[in-house]
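The chains referred to below are lettered A, B, ... by the order of the sequence lines, with proteins before strands, and numbering in each begins at 1.
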Number of protein chains: 2
Amino acid sequence: MNDSAAPPGVEAPAETDAVDQLTAQWARERPDLDDLTAMALIGRINRASSLLLKRMKPVFTAHGLENAEFDVLATLRRAGAPHELTPSELVLSSMVTSGAVTNRLDRLERKGLVERRPDPGDRRAVRVRLTSPGLDLVDRTVMAHVANEERILAALPAADQRLLSDALRRLLVALGDTRLG
Amino acid sequence: MNDSAAPPGVEAPAETDAVDQLTAQWARERPDLDDLTAMALIGRINRASSLLLKRMKPVFTAHGLENAEFDVLATLRRAGAPHELTPSELVLSSMVTSGAVTNRLDRLERKGLVERRPDPGDRRAVRVRLTSPGLDLVDRTVMAHVANEERILAALPAADQRLLSDALRRLLVALGDTRLG
DNA sequence: GCCGTATCTCTCAACGCTGAAATAACTTCG
DNA sequence: CGAAGTTATTTCAGCGTTGAGAGATACGGC
């Protein structure tokens with residue numbers, strides 16, 4: 001919008017992304033929506049997330065996993081030996097509901113990557129543990145996954161990466177996302 | 001991790017978010033994964049997106065819409081009169097597959113918010129148009145939606161918002177997200 | 001005019017999530 | 001002890017997405 005009105009030859013116009021076009025359309029159709037900066041920022045975060053998720057998927061697929069399944073295996077792995085947590089703890093570490101976690105565990109159990117056993121001290125509770133094949137798989141997958149993430153971000157200068165990570169941390173803190181468990 | 005080793009009294013330690021804890025766990029369990037900065041940045045973008053989406057949902061629900069449904073209505077509205085596009089164009093503007101768009105259109109049509117009619121010039125094609133109730137609804141919803149987005153981001157200083165938006169634009173350009181249609 | 005290729009939309013099974021509620025077991029406290 | 005409240009896990013209908021591909025139509029070149 002405003003780029004086209006910039007004095008010629010003074011500065012290279014900043015490159016535009018899909019969100020610039022989207023907000024330009026809104027500005028034209030609904031000029032009464034006078035502040036679209038929030039919409040633009042949120043739109044960029046959502047689009048970036050969606051694109052990044054799509055670029056990660058092939059690595060999981062190559063290891064026979066869904067994104068959601070890797071999420072559970074990785075949480076158990078990160079927790080350290082004996083790689084065992086309860087479904088409740090997995091719900092807290094994830095961003096999904098308890099029903100979704102049950103569903104993930106059912107599938108992982110069928111594949112033999114985790115096992116459920118009763119909690120000795122609390123008969124309501126269950127303990128979910130990585131099996132030996134599950135541990136092997138997640139250890140191999142995370143390696144490829146991290147390498148893939150680095151490859152994906154290689155196109156963005158390290159300075160931008162630091163800047164983004166720090167500003168996003170402040171956003172997450174503002175949104176209350178300060179605890180993993 | 002490194003915050004705890006900072007010289008005392010020199011600077012307030014930066015506040016930590018869930019991703020800092022997550023990467024700290026990986027660093028402890030898998031010290032061989034030596035560069036976790038890409039994982040941290042991508043993790044922050046994904047968590048932020050998930051949290052923001054959850055905070056938007058109530059506005060759509062209050063207007064009787066799903067997030068995905070609003071997405072279609074908004075795309076038609078932004079396109080300008082006569083608020084008509086083909087399913088193919090909607091697929092390009094969205095971040096989902098053609099099957100998902102068909103599904104969205106089926107539901108919106110059942111609700112009477114859009115209508116499908118054959119394209120006069122191409123018998124393979126369909127033209128999807130906002131109905132009058134659809135136009136009313138999206139015009140009301142987008143107003144509440146934008147106000148909600150501003151409320152959600154109010155906790156983040158304007159300087160951070162600009163910084164983030166600009167850096168994310170560079171990321172999106174690097175990821176090839178330069179065209180909306 | 002015809003053929004191969006490209007395009008447009010839709011279908012369908014498998015997967016995945018939510019929100020609400022059911023079930024069972026623990027805990028607190030009078 | 002026993003009722004009331006809390007916690008842990010699962011269930012289920014409704015919604016939503018992907019990925020592969022089917023079916024119909026359009027188009028470019030010979």
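Pairs of residues two or more places apart, or lying in two chains, never qualify as side-chain hydrogen bond (donor to acceptor under 3.5 Å, both in side chains) while including a residue from residues 91-101 of chain B. Residues in residues 170-181 of chain B take part in these salt bridge (charged side-chain N to carboxylate O under 4.0 Å, His left out) pairs, two or more places apart or across chains: Arg47(A)-Asp177(B), Asp160(A)-Arg170(B).
Between the side chains of Arg127(A) and Thr86(A), no donor-acceptor pair is found at a separation under 3.5 Å. Checked by atom type, the side-chain pair Asp17(B)/Thr178(A) shows no donor-acceptor distance below 3.5 Å.
Counting to the nearest Å, the P atom of dC10(C) and the CD atom of Glu109(B) are 9 Å from each other. In this structure, Leu105(A) atom CG and dT9(D) atom P are separated by 10 Å, rounded to whole Å. Rounded to whole angstrom, the span from the CG atom of Leu53(A) across to the P atom of dC17(C) amounts to 11 Å. Atom P of nucleotide dT18(C) and atom CZ of Arg104(A) are separated by 8 Å, given to the nearest angstrom. Rounded to whole Å, the distance from CG on Asp106(A) to C1' on dC17(C) is 14 Å. Straight-line distance from the NZ atom of Lys54(B) to the C1' atom of dG19(C): 13 Å, rounded to whole Å. Atom-to-atom, CG of Asp119(A) to P of dT9(D) comes out at 8 Å; the value is rounded to the nearest Å. In this structure, Arg127(A) atom CZ and dA8(D) atom P are separated by 12 Å, rounded to whole Å.
Of the listed nucleotides (dT18(D), dC17(C), dT10(D)), dT10(D) has the atom at the smallest distance from the side chain of Arg116(A). Each of dT18(D), dC10(C), dC8(C) was ranked by its minimum atom distance to the side chain of Ala125(B); first place goes to dC8(C). If you check dC17(C), dC10(C), dT10(D) against the side chain of Ser98(A), the one that comes closest is dT10(D).
Residues meeting the ring pair (Phe, Tyr, Trp, His ring centres under 6.0 Å) test with His63(B), sequence neighbours left out: none. Every residue meeting the salt bridge (charged side-chain N to carboxylate O under 4.0 Å, His left out) condition with Asp32(A), not counting sequence neighbours, appears here in chain and number order: Arg30(A). Applying the salt bridge (charged side-chain N to carboxylate O under 4.0 Å, His left out) rule to Glu115(B) yields no partners; only residues at least two apart in sequence or on another chain are considered. Remark: Lys57(B) engages no residue in a salt bridge (charged side-chain N to carboxylate O under 4.0 Å, His left out) (not counting sequence neighbours).
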| request: Can you check each nucleotide of nucleotides 23-29 of chain D against protein heavy atoms at under 4.0 Å and return B for base, S for sugar-phosphate only, - for none, in 5' to 3' order? | output: -BBS---
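Listed in residue order, the members of residues 57-93 of chain A having a heavy atom less than 4.0 Å from DNA chain D are Lys57(A), Thr86(A), Pro87(A), Ser88(A).
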Kindly list each side-chain donor-acceptor pair under 3.5 angstrom involving residues 146-155 of chain B, sequence neighbours excluded, with atom names and distances?
{"residue": "Asn148(B)", "atom": "OD1", "partner": "Arg151(B)", "partner atom": "NH1", "Å": "3.0"}
{"residue": "Asn148(B)", "atom": "ND2", "partner": "Arg55(B)", "partner atom": "O", "Å": "3.1"}
{"residue": "Glu149(B)", "atom": "OE2", "partner": "His145(B)", "partner atom": "NE2", "Å": "3.2"}

